[in-house]
Amino acid sequence: MAGWTRWERERIAELVEQGAPPWLMHRSVNQSRHAVRRYVLRLNRAPQPEPVRSPLRLSLAEREEISRGVAGGESLRAIALRLGRAPSTISREVTANGGRRRYRACPADRAALRRLRRPKPARLATCARLRHVVESKLELRWSPRQISGWLELEYPSDSEMRVSHETIYVSLYVQSRGALRKELTRSLRSGHGTRRRRGHSVMNGQGQLGGTVNIRERPAEANDRAVPGHWEGDLLMGKRMHAMATLVERTTRFVMLVSLPDGHRADQVADALAAKITELPEQLRR
C-alpha cells in the first residue's frame, strides 16, 4: 500500500498472526487507525482462486520456457517444437508481449489472466468517439460490415477506432452487452428487432405445396410391389426448360412417357397424367 514501509507491513502481518488487538497495531506503526484497519482487512481477505485454464492455453511454465529460449537466441520454431505447440502460437505470444527483446514470462502470464476475465467491457461502451461514429453510420443505413471496413480505411493509424461487425450486432441485439441504442435496429437493412439464426424462415406457406399426400400414406399393397396396377409419376427436365412426365408401374417397372406440349406447371402435369392413365386397362389402374 502507498505510504507504508516494508517494515510496517511485515510488523502488521506479524501482529495479525499473533491475534493482537487493533490498538496495539495502531501504536506499533506510524499509520492512522483507518489505514491499519484497511490493511488488516486486506490481509484477511481470501485469495482469489486461480482461473481455470484450458489446456489449449499456454501455462506459466511454458511461458518461462519461451522466455529462456528467447533469451538464449533460439528460434521460435525450435521453442514450439520443444513445447509441442504450433509455431504460430509461440509467435503470437512473443509478439503480443513486447517482442523478443522485452518478452518476460510473469508479465505475459498476468496479462493473459487479465484477458481471461469475464465479462469484458464492450468496446463501444468504453469509447464514446467510436460509438458516436458507429451510430451516425447506422442512422445512414450502413451495414455493420460496411462500417467495420470503413473504419479501417478512415482511421488507418488509430487502433482505438476499430470494431468488428459482430461487435456491432451484439451491441444492438444484446442490450446487457452493448452500448448502442435499441431503436437503431430499425436502421438495419433486415429490419429485425431480434437476431435470427441462419436459415430461419417464417412459416407463412409461401413456397410450399398445398393439398399433397405424403408418400408414407400409400397403402401396403402399393408399398410392397406385390399387386400390379400402382403407378408412380415423375417429371423430367431437359434443355431450354423442355419437360416430359413419366409413369412407372411399380411391379413390372413398365414405363410410359407423357408429352407436355402446354407446359409443366403442376395442374398441366396432373391433367396430362390423368389423360394418359385412362388409356390403360381398368385392372391396371388401381
Side-chain angles (χ1 to χ4, degrees), residues 51-58 62-63 66 70 75-77 79-80 85-207:
V52 179
R53 301 193 194 206
S54 167
L56 300 177
R57 306 288 182 181
L58 292 171
E62 288 177 313
R63 288 189 168 94
I66 294 173
V70 168
S75 68
L76 299 183
R77 189 171 294 274
I79 298 172
R85 295 282 187 172
S88 59
T89 300
I90 307 302
S91 177
R92 286 194 300 269
E93 169 71 14
V94 173
T95 303
N97 293 282
R100 296 184 67 97
R101 289 190 175 185
R102 299 177 57 189
Y103 184 83
R104 298 294 183 273
C106 289
D109 195 67
R110 287 195 296 268
L113 292 179
R114 283 197 304 269
R115 291 192 291 268
L116 282 176
R117 294 174 184 170
R118 297 292 188 276
K120 292 182 178 179
R123 185 70 175 271
L124 291 169
T126 57
C127 182
R129 186 164 64 105
L130 177 61
R131 182 172 65 251
H132 174 73
V133 171
V134 171
E135 288 181 345
S136 64
K137 296 303 180 182
L138 285 173
E139 291 171 351
L140 295 176
R141 300 188 67 82
W142 283 31
S143 70
R145 194 178 291 273
Q146 277 182 303
I147 297 171
S148 178
W150 176 83
L151 286 171
E152 293 184 13
L153 297 176
E154 187 69 15
Y155 303 95
S157 59
D158 191 348
S159 60
E160 188 179 51
M161 298 296 288
R162 295 283 190 278
V163 66
S164 68
H165 66 278
E166 184 63 26
T167 300
I168 299 176
Y169 278 120
V170 170
S171 297
L172 288 171
Y173 289 124
V174 185
Q175 287 300 295
S176 61
R177 290 285 311 278
L180 301 176
R181 303 191 307 273
K182 181 67 175 178
E183 57 268 21
L184 286 173
T185 55
R186 293 195 295 267
S187 299
L188 295 176
R189 294 173 183 176
S190 65
H192 297 156
T194 57
R195 197 167 196 181
R196 300 176 179 177
R197 65 182 183 275
R198 181 174 295 179
H200 175 83
S201 61
V202 179
M203 303 301 291
N204 57 5
Q206 183 178 358

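Only this structure's heavy atoms are used, side chains among them; waters, hydrogens and symmetry mates stay out.
Within the model, atoms CG of Leu151 and CD1 of Ile168 stand 7.0 Å from one another, a figure rounded to the nearest 0.5 Å. Atom OG of residue Ser164 and atom CZ of residue Arg123 lie 9.5 Å apart, to the nearest 0.5 angstrom. Leu138 contributes atom CG, which lies 4.0 Å from atom CD1 of Ile147 (distance to the nearest 0.5 angstrom). For the atom pair CD of Glu93 and CG of Leu58, the computed distance is 5.0 Å after rounding to the nearest 0.5 Å. How far CD of Glu166 is from CZ of Arg145: 9.0 Å, rounded to the nearest 0.5 Å. Separation of atoms CZ (Arg100) and OG (Ser91) is listed at 10.0 Å; rounding is to 0.5 Å.
Counting only heavy atoms from C-beta outward, the side chains of Asp158 and Arg129 approach each other to under 4.5 Å. In this structure the side chain of Gln146 never reaches within 4.5 angstrom of the side chain of Lys137, judged on heavy atoms. When side chains are defined from C-beta on, Glu135 does not count as touching Leu124, because their heavy atoms never get closer than 4.5 Å. Inter-residue side-chain proximity for Val94 and Ile79 is flagged as unmet; no heavy-atom pair is nearer than 4.5 Å. For the pair Tyr155 and Glu160, the minimum side-chain heavy-atom distance is 4.5 Å or more.
At distances below 3.5 Å, at least one donor-acceptor pair connects side-chain atoms of Ser136 with backbone N or O atoms of Val133. Checked by atom type and distance alone, the side chain of Arg85 pairs as donor or acceptor with a backbone atom of Leu56 at under 3.5 Å.
For the salt bridge (charged side-chain N to carboxylate O under 4.0 Å, His left out) with Asp109, the lone residue among Arg53, Arg57, Arg115, Arg114 that qualifies is Arg53.
In plain terms, the two heavy atoms of Ala111 and Asn97 that are nearest each other are CB-OD1, 4.1 Å. Val163 approaches Ser148 most closely through the heavy-atom pair O-OG, 2.9 Å. Nearest heavy-atom pair across Pro87 and Arg77 is CG-NH1, 3.6 Å. Arg162 and Ser157 get closest at one heavy-atom pair: NH2-N, 4.3 Å.
In the displayed structure, His165 atom NE2 is contacted under 6.0 Å by more than 12 heavy atoms of other residues, nucleotides or ligands.
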